[in-house]
Amino acid sequence: MPRKIVKSKYFFEEDFIETIGEVSTEKVKDWGPNSQLKVVGKSLSRIDGYDKVSGTAKFSFDISLPNMVYAKTLRCPLPHAKIKKIDISEAKKVPGVLAVLTYENAPKIPWYYGMSFLFDPHLRYEGDEVACIAAETEQIAVDALKLIHVEYEELPFVVDAGAAMKPGAAKVHDAGNVVRGEPQIYKRGDIEKGFKQADVVVEDTFSTQVEIHNPTEPHCSVVNWDGSRLTIWDSTQGVFSVRDAIAGYLKMPASKVRVIKKYMGGAFGSKLEAGKYTVMAALLARETGRPVRIALDRRAMNLAVGNRPGSVQKLKVGAKKDGTLTAMNHYSYGAAGAYPSGAGCSRPFRTLYKCFNVRSEEYTVFINTGRGRPFRAPGHVQGTFAFESIIDETAEKIGMDPLAFRIKNYAEVDPASNRPYTGKLLRQAYKRGAAAIGWQDRKPAGSGSGPVKTGLGVATQIWWGGGGPPAYATLKLNRDGSAHVIAGSQDLGTGTYTFIAQVAAEVLEIPMEKIQVTLGDTAVAPYCGSSGGSTTAPSVSPAVRDAAEQMKTKLISAAAAVLEIPGNQLVYKNGIISVKNKPDKKLTIANIVRRMRERVLLTTGARNANPSGYAINTFGAQFARVEVDTYTGRISVKKIVAAHDIGRVLNRKTLENQVHGGILQGLGFALIEERVMDEFTGKMLNANLYDYKMPAIYNVPEIEVIIVSEGDAKISNTGVKGIGEPAMIPTPAAIANAVYNAIGVRLKSLPITPDKVLMALQG
Amino acid sequence: MNNFTYFQPKTLQEAGEMFGKSWHETTALAGGTDLLGLMKDDIEAPRNVVNLKSLPGLNRISYQPGKGLKIGALTSIAKIASHSDINKRYPVLAQAAKQVASPQLRNVGTIGGNICQRPRCWYFRGDFHCLRKGGDICYAVDGKNKYHCVIGGGPCFIVHPSDMAVALLALDAKLTVYSGGKNKTVAIGDFFVLPEKNVRRENILLPGEIVVDIRIQELNNNTKSGYVKFAERGVWDFAVVSVAAVIQKNGNALKKGRVVLGGVAPAPWFEKKISKKLSGLIPSEKNLDEIMKTALVDAEPLAMNEYKLPLAKNLMKRLIGELTA
Ligand SMILES: Cc1cc2nc3c(=O)[nH]c(=O)nc-3n(C[C@H](O)[C@H](O)[C@H](O)COP(=O)(O)OP(=O)(O)OC[C@H]3O[C@@H](n4cnc5c(N)ncnc54)[C@H](O)[C@@H]3O)c2cc1C
Ligand code: SF4
């Protein structure tokens, strides 16, 4: 099969990445609209649904090995401290305690880009790792942790990004609190000039909270040494990235590390990197000579495995009376936590609308809290909230309908690169979404009577999500016509298993039940990237189609040899190959494989390269209808219409699941979720699932999903783009705009909790 | 969680004796929905745990027309929520019960445990050695106090978390408390204590004293009652503010009423002024607005909880309006 090695660039989670990978250059016919397909695009239940619902599915958390021991971590109770003395003697005496790791006896493994170690006596946030105990039971480990006596030297701390920027603030690192020592600046055109051309200029400040991922399944690993080989069952979004990281940390060949992840209960970006806990478990397993299970508790998950950084965003937008945007300025800061991560949020601001004069200046600062990690559309959710709020304010100031204002500034090409898009159907999303929500009935802001007021709001979404190489899939075809697809990707609960089976079934025209899919095992699967950036389906599905198309070609040429008829005279249908116009002259897959005297036919497919010279993006518009009870400040989201352009839908059901999940997470971000820090002690106050409020089923609005795209043939043989992140991006902004429309008072700080609404209404 | 000795008494007397000499290290266990959390988080560490569920007959509800209602302390919240006489005669209580926590917690949690549950202040529940845990300071007074009290506070500023207690106070319930070998009756209004009196406890019970049952008098046929709860998430959430009202009508005007607020004070808060003003009131929108001006006048909100004042007034107005419409 034709292959070549190319350079390829696409967006993954927080930035553009450049990859060199072998790609398929095979051109296959575009599938056309889903209506012409048999399996792809249908609303099918997950192939792993029964296993999950019946409880037979084993998540990494459920893995239990004979003779296994349990590890638990002691975490720093203070926001900033140095260990003066640590005494583990009492803990070690507890019956059942097998090993204790601290900075004094553990290998000095560099962590956080060399800024710290696996165990570091300098602790920079509440929840930082102090010691780790392996014991016969989890309870013994928990009890023994309390007998480790640590004497801390308390250091000055800062837990608020704004405070950390001020001169004289406590220093998280000696080099100062601004990451890299300077802001990230972007500019195009000349904003001074642009603002002069404006008829109206709107300025406002918005802020967003720190959000915690809190996936259902805790971060956890089970590790087992078999001689010099290490097997890790990990709850991860990237088996290969964990494998390579662990091999690096433990200085062993990657081939000796096997990482397995079969089922996972969510991650949202918090499981893209190898955890300290995994390395600790591996060290403890080596020391005890037994398998070790380590799982974080909910408190640790809230403190130590990532968050969406908060933001303060000062925006300025200039527009002409006719609605033309003339200039835009964005200044923002947010906190990385105690070690580097990104808090920037200006990308939607730079890329959503046509505007020639744009500038942004973003500061990421260190504070004494857990480090940020990518979180479902990093930067975009908070950036879109502020930007789409001020876009509404500007529209109102020039007396334009907010939707008309957006369409007026529609970007026909990527405003940052001037490249054309491979596809952009945002206009259709606006149009069909507006019709579905009843936009024409939208009333002026705050014009309703009675204590409960209704409002409509809209917000736009842009994201990447086109995926790219390298991504491979191996297809094995058995003599009985059953198939097995193996790929080094992973299913986070998003439906990867299912769409892979669908793609293979579509091409080979065999029933889904005959297809087995294996994912998330570095020892058996060809490489795929981590599952993040909404890239899994767009990267992996073309590789699967490629493998299946190759298999089909192989079967046809084998049949040609058997029948001694040229391949182009043969027809492949429903797994049977017959001679054109002679339907009774035919061979089944089993006939062919048997004649070839093979039991398994094998192909490996690859993702193609992305087309050069194009911008690849997903788009969407969400419309919210809310009710605000002015007696209580309660916001009830009644309906969300989500209209998106995300290329081809592989499975309508799992797509809708993604949209529902994204909207619910967006609703939580808009209305109730928030990390609460006590500034005086530097400690988190709501590190549990009761006080850290997430939406419940009761809070789920009516959701209508509209997909305006049929497939983006320019990007791959499946034309798929991602939906995971796009689904969440515009929700908070759409809700906030609807709240303004309801009550006529704009709330600029998320989450919009009832107390804020009530106080705003009091004036 | 520390290790403890677990007792299963068969009679109240046995239970009382189990507290015995080590009463200060002994705790009663009902549904365990609060106590187990407190023990797992090392906020309470009793040496002995006495399981009240092993006592027979304490999980019954009996209603006798003319005489009133009696609810055993071990009755589950779910049972109260679905009891037909309670729904008919004491809607305020059924409505409160239906809004407690979640279905799972209502199935397991008991009414006795509900009124004896410990506060949810996140400093108290976290690893802060605050006044209520025997420490020197209240972290909430200058800290994150959005959910704390606006009245009746100091030196500690908790709110009492129970929904049932608010409804019971509006109904002027009486508690039977087993104490030192005999039963005594305590009016619910005397049961809860404010921090200025005892900063370590939320009620008058001494260790070893057990709530046995709760009695509520028969209500006059012209009486309406109801409970509204405002919680941020709307479900599976404690009240930010709640209101229980029991109002007797007399033609167009109101004869008398009791209005109690939850979520505003360290104990369920009887709104004396409003309750008094209900006598003789014609419940028009204007009149209700007028009397609300006198509500919570002595409140001293903290830096982050002033919103509770309009919220409480709006909820009172809404509930009284609905009950008297
Ligand atoms: C997540 C969550 C949400 C919740 N939401 C709400 C809510 O919205 N509204 C609400 O009102 N409550 C709420 N609760 C509290 C819940 O209703 C109580 O935990 C429950 O009612 C307590 O009953 P229990 O039988 O489980 O008590 P236990 O946990 O067994 O006991 C609680 C306390 O009461 C004491 N006690 C119990 N019975 C007696 C007795 N008969 N005599 C003397 N002392 C006794 C115990 O010693 C203990 O100190 C919530 C709890 C949780 C965990
Ligand atoms: S309000 Fe009470 S319980 Fe909360 S910190 Fe203050 S003293 Fe402790």
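Chain identifiers are assigned alphabetically (A, B, ...) following the order of the sequence lines, protein sequences preceding nucleic acid strands; residue numbering begins at 1 within each chain.
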Exercise for review: Answer yes or no: is there a side-chain heavy-atom contact under 4.5 Å between B/E232 and A/D755?
Suggested key: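 Yes, side chains in contact.
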State whether the number of non-hydrogen atoms from other residues, nucleotides or ligands found under 6.0 Å of [X] atom [atom1] is greater than 12.
{"X": "A/E153", "atom1": "CD", "result": "yes"}
{"X": "B/K133", "atom1": "NZ", "result": "yes"}
{"X": "B/E306", "atom1": "CD", "result": "no"}
{"X": "B/K224", "atom1": "NZ", "result": "no"}

Review point. Counting distance only, does the side-chain N/O of B/K144 pair as donor-acceptor with the main-chain N or O of A/M677 below 3.5 Å?
Key: yes
Check your understanding: What part of B/N2 gets closer than 4.5 Å to chain A, counting heavy atoms only: side chain, backbone, both or neither?
Key -> neither
Exercise for review: Measure distances from B/A231 to the heavy atoms of chain A and classify the residue's part below 4.5 Å as side chain, backbone, both or neither.
Suggested key: backbone
Which distance, rounded to the nearest 0.5 Å, do you find between the [atom1] of [X] and the [atom2] of [Y]?
{"X": "A/T681", "Y": "B/D127", "atom1": "OG1", "atom2": "CG", "value": "8.5 Å"}
{"X": "B/F128", "Y": "A/F680", "atom1": "CZ", "atom2": "CZ", "value": "12.0 Å"}
{"X": "A/K683", "Y": "B/W122", "atom1": "NZ", "atom2": "CH2", "value": "14.5 Å"}
{"X": "A/E679", "Y": "B/D142", "atom1": "CD", "atom2": "CG", "value": "12.0 Å"}
{"X": "A/L685", "Y": "B/Y123", "atom1": "CG", "atom2": "OH", "value": "4.5 Å"}

Of the non-hydrogen atoms in [X] and [Y], which two are nearest, and what is the gap between them?
{"X": "B/G234", "Y": "A/Y698", "answer": "CA-CE2, 3.9 Å"}
{"X": "A/R634", "Y": "B/R233", "answer": "NH1-C, 4.4 Å"}
{"X": "B/G143", "Y": "A/D678", "answer": "CA-OD1, 4.1 Å"}

Check each atom of [X] against the heavy atoms of chain B and say whether the ones under 4.5 Å are side chain, backbone, both or neither.
{"X": "A/D629", "value": "side chain"}
{"X": "A/K756", "value": "neither"}
{"X": "A/N688", "value": "neither"}

Review point. Taking non-hydrogen atoms and a cut-off under 4.5 angstrom, which of residues 307-325 of chain B neighbour chain A?
Key: B/Y307, B/P310, B/L311, B/N314, B/L315, B/K317, B/R318
Practice item. May I ask you to say whether B/R125 pairs ionically with A/D691, meaning some side-chain N is under 4.0 Å from a carboxylate O? Key: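 Result for this pair is no, no salt bridge flagged.
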Point to revise | Interface residue of largest heavy-atom contact number with chain B, from A/L761, A/L758, A/T630, under 4.5 Å | key: A/L758
Check your understanding: Within 45° of the axis and under 6.0 Å from the centre of the six-membered ring of B/F238, does NZ or CZ of A/K693 qualify?
Key -> no
